Amino acid sequence: MGTGGTKDTTPLVRSSSGGSEKAPTLQERITASKGLILRIAFGGIATVVAVFLLYLAGYVGLYDLDYALSLLPPRGRALTTGLLATLGFMTVVMPLGFGLGFFFGWARTSKVWLGRAVATTYVELFRGMPPIVLIAFAVLITIVVFRGNDRIDLFAFASLAGVVALAAHSGAYQAEIIRAGILSVPTGQTEAAEAIGMSKATILRHVTLPQMFRVSLPALGNEFASLIKDTSLLSTIGGLELTFQGKNLSAVLAVGGGNLDLVIIIWVEIALLYFLITFVVSRTLQAVERRFRVPGLEAAQL
Amino acid sequence: MISVRNVHKWFGELHVLKGVSLDVKKGEALVIIGPSGSGKSTLLRCMNLLVSPDEGDILIDGVRVNDPKIRPEWVRQQVGMVFQSFNLFTHLTALQNVVIGLTKVKRLSSTEAERIARFELERVGLADKADAYPAQLSGGQQQRVAIGRALALNPKAVLFDEPTSALDPEYIREVLDVMTKLANEGMTMVVVTHEMGFAQNVGDRVLFMADGIVVEEGTPEEIFERPQQDRTKTFVGTILG
Ligand SMILES: Nc1ncnc2c1ncn2[C@@H]1O[C@H](COP(=O)(O)OP(=O)(O)OP(=O)(O)O)[C@@H](O)[C@H]1O
Ligand SMILES: [Mg+2]
């Protein structure tokens, strides 16, 4: 395959390897990508709602989560609690981080000076500090601001602030990934789109977005994977997630005279749980990536 | 049909167009030649408002279009453009490249759009490549799809900016053939090109630009065989070899 479209003297040779099935029509393609995006969005929202309802039901006393968990053996109880907390954090941190990343990444490519300035400040600020420091600041600021206000649950507010800080940190990285994706779409194509009378919004939706994701998705997958593991930093502010449970259990066991075998088993179980979550997320992203693949344009040619 | 009146354009300090005026008549093929950097592309881009003139006017059928009251998107539907580097949408098939302007700009139904798009691909001789992606097409085929994409919106005129310059020699012919056919069908065209054969056989008029001004204008014979200005003589000498 030649290096550029212009030098390609063997059209269609490569494509025939995938059989000669009919390419989907534009409408089918749009519907299909809409379908997929809707499905993922729906899955995400359903998870958030489910986790929320679970907590809410426990909160208003419909059932007693602690009681339900206490029916499990101690280790299972701790790990289940941790898993629920980690999933709960993920359902907030991932969509929020992506939303921030998408918005600021797009703003970074804006022609408007102010938009670029604000976005650049955001990226530099939140990328420039370790997430654990950001979480600490967010919590401290929340405590200072809301201290003494009896009507709110200070602990819940502080935790939420920590979660948002983590999302903002990841959003800063994702903004750069999104920006790189947007810039990877040749200006010739946006110009050609303008030349057939497309509006800015139509160009963004139908020319830039479908192509930028081809470039951005692998890097976004990386960022999500590391974000999942970064939720463990929330244990520093009392998030009872997986890593915290691991440390807690090990400590209890150590105090109780030490059963090293059990400690090892616990950490293996925790590792497997993280692996499982990350695996599911990365497979999902790979499915999305396949959707944005373009026949004849292999990754090496980008 | 398209009138350019005393247009000036600056890029920062650089004065690229220094008072260009010209008229494109309905149904004619106007060829523009000139050395690199003389402002040919900028002039074409002014005609569909991809670049907005700093001074002067662009008129389409007598209507001044470089006017804040007129949407540039509307103007660009009237005046199509074909680029040197094709600029096809790489994530769409040949057919979808032609369809997208019809559905997303003209808001036609997808069946209607597809019918028109297939007709346009037929017209540029690529009916059998409808489902191929740009990366699976040769340069010449890509450029013909790009021409089909411009034609699909049924523009009043089409601007060609060096449409064969990025092509390997063996693909130039097929693109020029399509353009010749278009000219014979009476399409109004403005073509920046250094293909002398095309300029002489298809061009109704040739315009020589240098340094941001129109130096000389005339029939192909006048410009290529009896140029009046020294600069035209030198330039024509170099390109005719
Ligand atoms: N967007 C821009 N910003 C700044 N300078 C520009 C821009 N577009 C063109 N120029 C400059 O304007 C001058 C004229 O450019 P233009 O592309 O119109 O020339 P041209 O006659 O088409 O040349 P060529 O034959 O190389 O295509 C060049 O010096 C070019 O560098
Ligand atoms: Mg040019």
Side-chain angles (χ1 to χ4, degrees), chain A residues 1-2 4-18 20-31 33 184-203 205-214 291-298 301-302, chain B residues 45 48-50 71-93 95-97 99-106 110-111 113-114 117 129-143 146 149-150 152-153 155 159 166-168 170-171:
Chain A
M1 197 89 186
T6 53
K7 295 258 161 29
D8 189 354
T9 53
T10 53
L12 283 173
V13 167
R14 186 58 175 272
S15 72
S16 56
S17 64
S20 55
E21 80 265 34
K22 197 176 171 303
T25 69
L26 181 61
Q27 212 49 48
E28 278 164 12
R29 231 180 130 85
I30 290 170
T31 323
S33 75
S184 77
V185 180
T187 48
Q189 283 189 44
T190 39
E191 198 164 49
E194 276 184 67
I196 56 173
M198 282 194 192
S199 65
K200 288 266 185 300
T202 311
I203 295 174
R205 167 69 187 87
H206 293 286
V207 178
T208 310
L209 284 190
Q211 301 197 67
M212 60 161 282
F213 276 120
R214 220 172 26 159
R291 190 69 57 146
F292 286 104
R293 208 189 51 193
V294 174
L297 248 200
E298 271 66 38
Q301 289 177 295
L302 290 176
Chain B
R45 278 152 202 270
N48 67 351
L49 300 183
L50 277 183
R71 289 172 48 240
E73 286 85 4
W74 178 82
V75 177
R76 292 176 198 141
Q77 289 175 52
Q78 316 297 310
V79 184
M81 186 160 197
V82 173
F83 300 85
Q84 181 174 352
S85 46
F86 333 134
N87 298 344
L88 291 182
F89 306 126
T90 48
H91 63 300
L92 302 178
T93 63
L95 183 70
Q96 292 163 351
N97 263 279
V99 161
I100 194 165
L102 295 164
T103 51
K104 301 302 162 200
V105 178
K106 291 228 150 161
S110 53
T111 39
E114 187 167 330
K129 294 283 185 245
D131 293 331
Y133 285 85
Q136 300 169 324
L137 296 171
S138 72
Q141 292 170 334
Q142 289 187 57
Q143 191 61 298
R149 175 174 68 181
L153 296 179
L159 313 172
L167 292 177
D168 284 348
E170 69 256 46
Y171 298 129

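Treat the numbers as computed from the prediction; the structure is a model and nothing was measured. Reminder, nothing fancy here: chain letters follow the sequence lines and each chain counts from 1.
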Self-check item: Which atoms of B:Val75 approach chain A - backbone, side chain, both or neither, heavy atom under 4.5 Å
Solution: neither

Quiz item: Within 45° of the axis and under 6.0 Å from the centre of the six-membered ring of B:Phe86, does NZ or CZ of B:Arg149 qualify?
Solution: no

Quiz prompt | Pairing residues for A:Ser184 by the side chain to side chain donor-acceptor pair (under 3.5 Å) criterion, not counting sequence neighbours | solution = none

Quiz item: Does any heavy atom of chain A fall under 4.5 Å from the side chain of B:Leu88, the backbone, both, or neither of them?
Solution: backbone

Quiz item: Is it the case that A:Thr202 and A:Ser199 place a side-chain donor and acceptor less than 3.5 Å from each other?
Solution: yes

Exercise. State which residues pass side chain to side chain donor-acceptor pair (under 3.5 Å) with B:Asn48; sequence neighbours excluded, sorted by chain then number.
Key: none

Quiz item: Checking A:Glu191 side chain against A:Gly188 main chain: does a donor-acceptor pair fall under 3.5 Å?
Solution: no

Practice problem: Tell me, for B:Phe83 versus chain A, whether the close heavy atoms (under 4.5 Å) come from the side chain, the backbone, both or neither. | Solution: side chain

Quiz item: Out of B:Leu49, B:Leu153, B:Leu50, B:Leu159, which one racks up the most heavy-atom pairs below 4.5 Å with chain A?
Solution: B:Leu50

Quiz prompt | Toward chain A, the part of B:Arg45 with a non-hydrogen atom under 4.5 Å | solution = side chain

Quiz prompt | Heavy-atom proximity to chain A below 4.5 Å, by part of B:Thr90 | solution = both

Self-check item: For chain B, the option from A:Thr190, A:Thr187, A:Val207 that forms the most heavy-atom pairs under 4.5 Å
Solution: A:Val207

Exercise. Give a yes-or-no answer on whether the side chains of B:Gln141 and B:Gln136 include a donor-acceptor pair shorter than 3.5 Å.
Key: no

